[in-house]
S.K.: 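One structure, pasted below without further comment.
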Protein chains: 2
Amino acid sequence: MQSYTEENYLKTIYHLAEKTTNVQTNAIAEQMQTKPASVTDMIKKLAEKGLVDYIKYQGVTLTEAGKNTAVDIVRKHRLWEVFLVNKLNFKWDEVHDVAEELEHIKSIELIERLDEFLGFPKADPHGDPIPDKNGRFAKTQFIKLIELKIGDSGTITGVSQHSSAFLKHLEKLGLTLGKQIQISDITDFDGSVEIKLSDKQINISREVAKHILISSNGKN
Amino acid sequence: MQSYTEENYLKTIYHLAEKTTNVQTNAIAEQMQTKPASVTDMIKKLAEKGLVDYIKYQGVTLTEAGKNTAVDIVRKHRLWEVFLVNKLNFKWDEVHDVAEELEHIKSIELIERLDEFLGFPKADPHGDPIPDKNGRFAKTQFIKLIELKIGDSGTITGVSQHSSAFLKHLEKLGLTLGKQIQISDITDFDGSVEIKLSDKQINISREVAKHILISSNGKN
DNA sequence: AAAAATTTTTAGATTTACCTAAAAATTTAA
DNA sequence: TTAAATTTTTAGGTAAATCTAAAAATTTTT
């Protein structure tokens with residue numbers, strides 16, 4: 001059994017490893033709002049427990065066991081987010097911090113029943129996939145909105161940025177999960193994207209378009 | 001803000017204070033599965049924070065602030081128990097340990113929304129009253145089943161013993177919350193009680209009868 | 001390929017919540 | 001009302017997770 005803190009380290013390493021192969025001490029420290037010296041200490045401990053592979057000065061990678069724990073926490077986090085949004089009417093930009101606490105509740109029974117209660121959701125309120133109880137993720141086929149061409153259409157199925165500011169902005173624009181969109185124009189000047197929604201036409205910046213994920217329903 | 005451990009001490013002191021006025025060091029130690037020396041340390045800390053009044057060798061009492069925190073934790077614990085039983089189909093003897101963890105999740109918003117989601121329940125799955133968000137308990141009028149006379153009837157509305165063994169036993173006998181009962185006889189020999197339920201007649205020991213709480217609907 | 005900059009680790013402390021063993025205070029019993 | 005038993009506290013220590021400051025290793029730049 002891991003401590004609350006160990007679980008957080010494993011989760012952080014897991015997420016960082018999605019971007020870079022070798023996860024660096026400083027990156028972990030920054031993410032966890034702590035100091036590199038503290039990270040080194042913890043990494044040694046996790047290595048002794050067989051949860052990470054660690055070579056001095058070379059960064060860390062999760063072992064199979066460490067990855068399993070991390071995925072399990074990700075699963076819990078995302079299921080709780082679904083609960084908060086679908087059952088307790090939280091907004092998608094309000095759930096992260098609470099889920100951060102709830103993800104450490106230890107009962108396996110609890111999570112399996114929660115999963116069932118929620119109808120075995122495949123994605124959380126931001127479109128991030130929820131692993132099943134065996135740690136398997138459903139295959140997802142996302143394209144960044146920015147990569148679409150004029151005339152392409154699809155459904156908003158996720159975001160790759162979870163800040164409250166960004167999510168509130170999308171909400172205001174009416175760009176929420178499940179919405180159908182079509183690219184009507186791409187502005188030469190600033191690369192901003194003109195989008196047709198069912199009921200209106202809007203313009204979004206490149207920066208916003210980068211972080212919206214689309215499941216395409218065919219090019220044109 | 002209190003730590004997880006501090007919250008548990010306050011909760012334990014609160015519950016012990018329901019039985020004895022002056023809560024003793026040893027009693028706390030036993031309840032918390034720790035040593036008296038550790039309790040003394042923690043009590044000093046809580047006293048410094050103004051959460052308990054403490055005189056050496058004389059035991060502790062909660063201050064107003066300490067009591068507020070304790071009641072808040074009791075509220076959270078009992079609401080989560082309702083959630084587990086009513087929404088996730090846990091049995092009433094399975095919920096305590098998980099609720100023990102969930103009660104420390106810090107978001108006020110979460111608890112208010114959970115309360116609403118559950119329909120503002122007044123009691124947990126064992127019949128224990130749930131304080132409202134201002135810490136006020138609904139008035140409850142319980143009589144111990146053992147105190148009823150032959151011919152008296154009422155509704156099972158609570159239990160004063162939460163062990164899994166006891167709860168499982170009640171379940172098997174069909175003595176669950178909400179059931180209508182009438183006392184048909186009290187055995188001279190061993191004080192065991194003969195009870196009429198809607199569909200059957202059963203006999204329970206004095207020991208069991210002591211821990212069943214009845215809201216009476218009139219003597220006969 | 002040195003020098004400079006950056007990253008990482010080590011060394012030594014601190015805080016929280018524990019512990020054991022022994023001393024002190026209180027309560028109970030003779 | 002002493003003596004014995006019990007309860008509580010003190011003193012001194014430990015383990016987990018942190019920290020700062022300085023040393024060591026690595027990477028980047030010139």
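Just so we're on the same page: letters track the sequence lines, and every chain starts at 1.
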S.K.: Does Gln24(A) place a side-chain N or O at less than 4.0 Å from the phosphate oxygens OP1/OP2 of dT8(C)?
M.R.: yes

S.K.: Using Watson-Crick or G-U wobble geometry with both distances below 3.5 Å, tell me the partner of dT30(D), or none.
M.R.: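 The answer is dA1(C), by the H-bond criterion.
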
S.K.: Quick one: do Lys106(A) and Glu101(B) make a salt bridge, cutoff under 4.0 Å?
M.R.: yes

S.K.: Please work out if Thr40(B) contacts a base, only the sugar-phosphate, or nothing of the nucleic acid, heavy-atom cut-off 4.0 Å.
M.R.: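 Contact class for Thr40(B): base.
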
S.K.: Evaluate the criterion salt bridge (charged side-chain N to carboxylate O under 4.0 Å, His left out) for residue pair Glu207(B) and Lys210(B); output intermediate values, then yes/no.
M.R.: CA-CA 5 Å; Glu207(B) 199 49 34; Lys210(B) 271 189 211 165; 3.1 Å; yes

S.K.: Please state whether the phosphate of dA16(D), meaning OP1 or OP2, lies under 4.0 angstrom from any side-chain nitrogen or oxygen of Thr5(A).
M.R.: no

S.K.: Is there a donor-acceptor pair under 3.5 Å between the side chain of His126(B) and the backbone N or O of Trp92(B)?
M.R.: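 Present.
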
S.K.: Round to the nearest Å and state the distance from Ile28(A) atom CD1 to dT9(C) atom P.
M.R.: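 Interatomic distance, CD1 of Ile28(A) to P of dT9(C): 9 Å.
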
S.K.: Using the six-membered ring wherever Trp is involved, compare the ring planes of Phe83(A) and Phe117(A) and label them parallel, tilted or perpendicular (cut-offs 30° and 60°).
M.R.: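 Because their plane-to-plane angle lies in the 30° to 60° range, the rings of Phe83(A) and Phe117(A) count as tilted.
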
S.K.: Kindly point out which of dT10(D), dT8(D), dC19(D) is positioned nearest to the side chain of Lys56(B)?
M.R.: dT10(D)

S.K.: Return the value, rounded to whole Å, for the distance between atom CG of Asn22(B) and atom P of dA25(C).
M.R.: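 So the two atoms are 19 Å apart, to the nearest Å.
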
S.K.: Go through dC18(C), dT8(C), dT10(D) for me and flag the one nearest to the Ala37(B) side chain.
M.R.: dT10(D)

S.K.: Rounded to whole angstrom units, what separation is found between the CE atom of Met42(B) and the C1' atom of dC19(C)?
M.R.: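 Value for this atom pair: 14 Å.
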
S.K.: Starting at CD of Glu6(A) and ending at C1' of dA16(D), how long is that distance when rounded to a whole Å?
M.R.: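 Atom-to-atom, Glu6(A) to dA16(D), this comes out as 9 Å.
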
S.K.: Find the distance Met32(B):CE to dC19(C):P and express it as a whole number of Å.
M.R.: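 Nearest whole value for this atom pair: 10 Å.
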
S.K.: Classify Ser38(A) by what it touches in the nucleic acid, base, sugar-phosphate, or nothing, heavy-atom distance under 4.0 Å.
M.R.: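 Base contact.
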
S.K.: NA contact type, Tyr54(B), heavy-atom cut-off 4.0 Å: base, sugar-phosphate, or nothing?
M.R.: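 Tyr54(B): backbone/sugar contact only, no base atoms under 4.0 Å.
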
S.K.: Thr34(B) side chain N/O closer than 4.0 Å to the phosphate oxygens (OP1, OP2) of dC19(C)?
M.R.: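 Answer is yes, contact under 4.0 Å.
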
S.K.: So, is Lys44(A) close to the dT9(C) phosphate, meaning a side-chain N or O under 4.0 Å from OP1 or OP2?
M.R.: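 For Lys44(A), the contact criterion (side-chain N or O under 4.0 Å from OP1 or OP2 of dT9(C)) is not met.
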
S.K.: Using a cut-off of less than 4.0 Å, is there contact between a side-chain N or O of Tyr9(A) and OP1 or OP2 of dT18(D)?
M.R.: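 It does, given that an N or O in the side chain of Tyr9(A) lies less than 4.0 Å from OP1 or OP2 of dT18(D).
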
S.K.: Report yes if at least one side-chain N or O of Asn26(A) is closer than 4.0 Å to OP1 or OP2 of dT6(C); otherwise report no.
M.R.: no

S.K.: Given Arg75(A), which of Asp115(A), Asp128(A), Asp124(A) fulfils the salt bridge (charged side-chain N to carboxylate O under 4.0 Å, His left out) condition?
M.R.: Asp115(A)

S.K.: In terms of side-chain heavy atoms of Pro36(A), which of dC19(D), dT8(D), dT9(C) is nearest?
M.R.: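 For Pro36(A), the side-chain atoms sit closest to dT9(C).
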
S.K.: Ignoring the backbone of Tyr57(A), work out which of dT7(D), dT26(D), dA21(C) is nearest its side chain.
M.R.: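 Closest nucleotide among those given: dT26(D).
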
S.K.: How many whole angstroms separate atom CD of Gln2(A) from atom P of dA16(D)?
M.R.: 14 Å

S.K.: Lys49(B) has an atom NZ; how far is it from atom P of dT15(C), in whole Å?
M.R.: 14 Å

S.K.: Is the shortest distance from a Lys or Arg side-chain nitrogen in Glu7(B) or Lys11(B) to a carboxylate oxygen in the other one below 4.0 Å?
M.R.: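 No, no charged N to carboxylate O under 4.0 Å.
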
S.K.: How close or far is atom C1' of dT18(D) from atom CD1 of Ile43(A), stated in whole angstroms?
M.R.: 15 Å

